[in-house]
Amino acid sequence: MFNKSKSHIKAYDAAMCNSAFLCTDWDTYADVPNSGAIKVDGAYEWKEALDALVTDKALRKRLCGELHTWAIEEWNIDKHAQKWVNFYEKTITEGPITSFEDVVRSGSVAR
């Protein structure tokens, strides 16, 4: 359950640092294109993938380029600015929060 709450922010970090990206093949990284990352499952695959990244410069360059293109094209402010506008408009319309129940789903508070 913990891993399902993670985000793929590490992929963005790698893209902006011009680094190849290697990750465990979890749902967390489903949005990261396979052409821009090596997704592995298990210790043996991690070893093989790390070896490939260390020894294969062309592979590293290709992965870096694909990952960077994805990050720039798919995750830029122009595609997401309206989400913030909508959020602010909704917040202003609904007014201030007056109760804890306004922000917590029922059954989600640990007792």
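Just so it is clear, the structure is predicted and the values come from calculations on it, not from any experiment.
Across all non-hydrogen atoms, the minimal contact from A20 to C64 is N-SG, 3.3 Å. Closest heavy-atom contact between V54 and R60: O-NH1, 3.1 Å. Of all heavy-atom pairs between T28 and S7, the closest is CG2-O, 3.3 Å.
Screening residues 28-55 for salt bridge (charged side-chain N to carboxylate O under 4.0 Å, His left out), with sequence neighbours left out, gives no hits. Within the structure, salt bridge (charged side-chain N to carboxylate O under 4.0 Å, His left out) pairs that include any residue of residues 67-78 comprise E74-K79 (at least two apart or interchain).
Contacts of K83 classified as side-chain hydrogen bond (donor to acceptor under 3.5 Å, both in side chains), with partners at least two apart in sequence or in another chain: H80. Listed by chain and residue number, A81 satisfy the side-chain contact (heavy atoms from CB on, under 4.5 Å) test with I77 (two or more places apart in sequence, or in another chain). Residues satisfying the side-chain contact (heavy atoms from CB on, under 4.5 Å) criterion with V85, sequence neighbours excluded, are Q82, E89. Under the rule for a ring-ring contact (aromatic ring centres under 6.0 Å, His included), H68 has no partner lying at least two apart in sequence or in another chain. Checked against side-chain contact (heavy atoms from CB on, under 4.5 Å), K10 has the following partners two or more places apart in sequence or in another chain: F21, Y29. Residues passing the side-chain hydrogen bond (donor to acceptor under 3.5 Å, both in side chains) test with S19, sequence neighbours excluded: none.
The hydrophobic cluster around V40 extends to L22, I38, W46, L50, L53, L59, L63, counting ILVMFWY residues whose side-chain heavy atoms fall within less than 4.5 Å of a member. Under a 4.5 Å side-chain heavy-atom criterion applied to ILVMFWY residues, the cluster that includes F87 comprises W84, Y88 as well. The hydrophobic cluster around I72 extends to M16, counting ILVMFWY residues whose side-chain heavy atoms fall within less than 4.5 Å of a member.
Classification of the Y12-W70 ring pair by plane angle, with boundaries at 30° and 60°, yields parallel.
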